[in-house]
2 protein chains.
Amino acid sequence: MRPRLADVAARAGVSIKTVSNVINDFPHISTQTREKVTAAIEELGYRPNLSARNLAKGRTGVIVLGVPRLDMPYFASLAMQLITAAEAASWWVQIRQTRGERAAELELLAETRQSRIDGMVLSPLRLRESDLAERSGLPLVMLGERRFAAVDHVGIDNAAAAASAVQHLLETGRRRIAVVGGPGRTDRRVVGARATLRAHGLDLPAALHLPVRGVTGRHGEEAMKAFLGSGHPMPEAVFCVTDWLAMGVIRALRLHGFAVPDDVAVMGFDDIPYDLAALPTLSTIAPDREEIARLAVASLRRQEGATAPEVQHTVVGHRLVPRESTAATGPVPTTRR
Amino acid sequence: MRPRLADVAARAGVSIKTVSNVINDFPHISTQTREKVTAAIEELGYRPNLSARNLAKGRTGVIVLGVPRLDMPYFASLAMQLITAAEAASWWVQIRQTRGERAAELELLAETRQSRIDGMVLSPLRLRESDLAERSGLPLVMLGERRFAAVDHVGIDNAAAAASAVQHLLETGRRRIAVVGGPGRTDRRVVGARATLRAHGLDLPAALHLPVRGVTGRHGEEAMKAFLGSGHPMPEAVFCVTDWLAMGVIRALRLHGFAVPDDVAVMGFDDIPYDLAALPTLSTIAPDREEIARLAVASLRRQEGATAPEVQHTVVGHRLVPRESTAATGPVPTTRR
DNA sequence: TTGAAAGCGCTAACAC
DNA sequence: GTGTTAGCGCTTTCAA
């Protein structure tokens, strides 16, 4: 059978409590005892039983990660990073999908009350500040674009990231720039884009702001199709608030005979792996997901400890990744017909 | 505090054991008592404490799902389905990534010995039959293309699915068909494709079998590029053993001036959400992932109960999903230049 | 600084 | 059919 605390204690010639003290890094243990104990642990290959520990401590050992969809590679890789970060805190991660639906997000928030979990990391799309009344004292941290006054938050500076995306488009020679995104979780990105245009003496006319009701390829394609049918003069570049949107936008553009990036440059946001298999490969913004995951777990631990923890909003880094879709002169050939 | 078993028992006026019996669906309980108990459970909102239960039962309450990469939407949605299916058996799913590396897969197999988990669902790419010596008696079920004699397996009939894909290409008028995939996990798909060609009096000449060392867009693009540089006469269609490969193949084709599907039809395998944002949208094979997940969990439960469970290999269904990339006459326009 | 012992909430013999 | 009770392996007062 697996060795237990008692086995380690016997081997080290100390009491159970002493072993427990060593394992939990309690102060006031003589270096000598500590060494004896760690040696015994090593020799026996002892690993604590999490069920027993959690039972004794009154925690469940599980945190929930709520994301819109796991089959969006952005959230998938975020999930993996979170699983890794949570492991260090002896937490299993239960992944839940909200499909971006408000009802599902509220439901998760409500589950906060039944004490079946130790904490929650939530990436909401439709939650409002007032919904947080639903919340209990359970450790909670939000990801994503929206910040809530009363809840910890970890995320990139979306406005700044969008700004650098638009900046990149400007630097590659585009002036007339359309934005696909918002309203919704993508607001900050639209705001950042608009601000940058304005800072350069440009504008985001209503005709060039293409709102979407979702962030998938279909939504991007429909938005761009609607624009193309509107008869407005073409933009030289399109900034999309997600890569998936951008794929749909490119599809619509090409179906209407426009070359990307030669006729229209397209910029995405998220850095998903398929960007590299697309034609053209997609220029994008890459958030530092590992850091986001690390800090989210850190937030939960902090809240777990304190009774009335201070609310913290943390900003993590991002990177601009220029690829073919915004190249100054596109390598994309005509299709032979 | 959360109600405990004892609270329910008191409320129902019975003993703890009786409540436990009801909860665990033991036989021989009078309908009357059962009703009293369920009522009490309802009123108190009782939910069993999993840590306590697992501790008492000697299980950990956790199973591992090992997949190559979670940011491949195929595995992401499989993971979600598995999480749902596992929940019904009171299991948390710990997702682990192997990146398709043999070392990582062996490591997971080895973890089977430390009894930190109750079971494992593994989707291996590089494991060999002989590696299974590493395995302990822990419940284990394999997914994916490869079947192992001594281990439960759940999956679609890859050869048959590949056959129907090739059949579809033949029915849409293509005769000269290339196959991108193998060696490796994709072998069965190549086998199925080859068999179907042969059944139609056709052949898969060596020049038209493009092997790959991975299943990503990059691999597909490189394989197709190499072919295009070889000077061999062009195929009328390409069957790729994954959608991601297909995206890369399409990229290479178009970079060389070929139109899809008008010059060359392309067929994928997996049914990932990005297929719909691609241009052209990708025809593919959609495995029944929900069924795969359900049966994988069922297999673990079966093994958990029995001492020497019979090995079961189970086949689940798949669907052919024809889209633009194999349309008889493609709707893809030329790019305006 | 270390030890003894009482739970944490549930399951499973074993008796009734 | 139903009740009693001894653990499951760990944490944590409270003494020593």
Side-chain angles (χ1 to χ4, degrees), chain A residues 1-38 40-41 44-62 89-92 114-118 304-305, chain B residues 1-38 40-41 44-62 89-92 114-118 304-305:
Chain A
M1 245 354 251
R2 274 176 75 174
R4 301 165 312 152
L5 216 44
D7 302 323
V8 178
R11 176 115 188 180
V14 298
S15 82
I16 287 187
K17 168 65 173 156
T18 304
V19 180
S20 174
N21 281 347
V22 170
I23 290 176
N24 294 290
D25 254 350
F26 281 11
H28 312 309
I29 310 164
S30 72
T31 333
Q32 199 182 13
T33 345
R34 158 167 284 124
E35 276 168 3
K36 264 195 310 192
V37 172
T38 38
I41 291 179
L44 264 45
Y46 169 78
R47 302 267 121 208
N49 177 317
L50 289 189
S51 297
R53 169 179 288 176
N54 290 332
L55 177 59
K57 292 186 102 147
R59 40 137 73 182
T60 67
V62 173
S90 296
W91 271 321
W92 301 111
Q114 320 166 214
S115 32
R116 299 176 53 70
I117 53 173
D118 297 332
E304 192 181 33
Chain B
M1 245 355 249
R2 275 175 75 174
R4 302 166 312 153
L5 216 44
D7 302 324
V8 178
R11 176 117 188 178
V14 298
S15 82
I16 286 187
K17 170 64 173 156
T18 305
V19 180
S20 175
N21 281 346
V22 171
I23 290 176
N24 294 290
D25 253 350
F26 280 13
H28 313 309
I29 309 164
S30 73
T31 334
Q32 198 182 14
T33 344
R34 158 167 284 124
E35 276 169 4
K36 265 195 311 191
V37 171
T38 38
I41 289 180
L44 265 43
Y46 169 79
R47 304 266 120 209
N49 177 317
L50 289 189
S51 297
R53 170 179 288 175
N54 290 332
L55 177 58
K57 291 187 104 151
R59 40 138 71 184
T60 66
V62 174
S90 296
W91 272 320
W92 301 112
Q114 321 167 213
S115 34
R116 300 177 52 70
I117 53 173
D118 297 332
E304 192 181 33

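Residue numbering restarts at 1 for every chain, and letters A, B, ... go by the order of the sequence lines.
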Write down the atom of [X], the atom of [Y], and the distance for their closest heavy-atom approach.
X: Ala52(A); Y: Leu55(B); answer: CB-CD1, 3.7 Å
X: Arg11(A); Y: Ala40(A); answer: CG-CB, 3.7 Å
X: Gly61(B); Y: Asn54(B); answer: CA-ND2, 3.6 Å

Taking only residues two or more places apart in sequence or in another chain, which ones pass side-chain hydrogen bond (donor to acceptor under 3.5 Å, both in side chains) with [X]?
X: Arg4(A); value: none
X: Asp118(A); value: Thr60(A), Trp91(A)
X: Glu304(B); value: Arg59(B)
X: Arg53(B); value: none

Please classify the nucleic acid contact of [X] as base, sugar-phosphate, or nothing, using heavy-atom distances under 4.0 Å.
X: Leu50(B); answer: nothing
X: Asn54(A); answer: nothing
X: Ser20(A); answer: base
X: Thr33(B); answer: sugar-phosphate

Query - Any Ser15(A) side-chain N or O less than 4.0 Å from OP1/OP2 of dG3(C) - result: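 True: Ser15(A) side-chain N/O within range (under 4.0 Å) of dG3(C) OP1/OP2.
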Requested in this report: Respond yes when some side-chain nitrogen or oxygen of Thr18(A) is under 4.0 Å from OP1 or OP2 of dG3(C), and no when none is.
Outcome: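 Answer yes for this pair, as a side-chain N or O of Thr18(A) is under 4.0 Å from OP1 or OP2.
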Query raised in the report: Lys36(A) versus Thr31(A): any side-chain heavy-atom pair under 4.5 Å?
Result: no
Query raised in the report: Is there a side-chain contact between Tyr46(B) and Ile23(B) (heavy atoms, below 4.5 Å)?
Result: yes
Using atom [atom1] of [X] as one end and atom [atom2] of [N] as the other, report the distance to the nearest whole Å.
X: Ile23(A); N: dT12(D); atom1: CD1; atom2: C1'; result: 14 Å
X: Leu5(A); N: dA4(C); atom1: CG; atom2: P; result: 14 Å
X: Arg59(A); N: dT12(D); atom1: CZ; atom2: P; result: 11 Å
X: Ile16(A); N: dC14(D); atom1: CD1; atom2: P; result: 19 Å
X: Lys17(B); N: dG9(C); atom1: NZ; atom2: C1'; result: 15 Å
X: Arg34(B); N: dT2(D); atom1: CZ; atom2: C1'; result: 13 Å
X: Arg53(A); N: dT12(D); atom1: CZ; atom2: C1'; result: 14 Å

Requested in this report: Take the C1' atoms of the five end pairs on each side of the helix from dT1(C)-dA16(D) to dC16(C)-dG1(D), derive the two axes, and give their angle rounded to 10 degrees.
Outcome: 30°
Give me, pair by pair, the N or O atoms of the protein and of nucleotides 6-8 of chain D that are less than 3.5 Å apart, along with how far apart they are.
unit_1	atom_1	unit_2	atom_2	d
dC8(D)	O2	Ala56(B)	N	3.3

Requested in this report: Hey, which sits more toward the 5' end of DNA chain D by its nearest nucleotide, Asn24(A) or Ser30(B)?
Outcome: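 Counting from the 5' end, the first nearest nucleotide belongs to Ser30(B).
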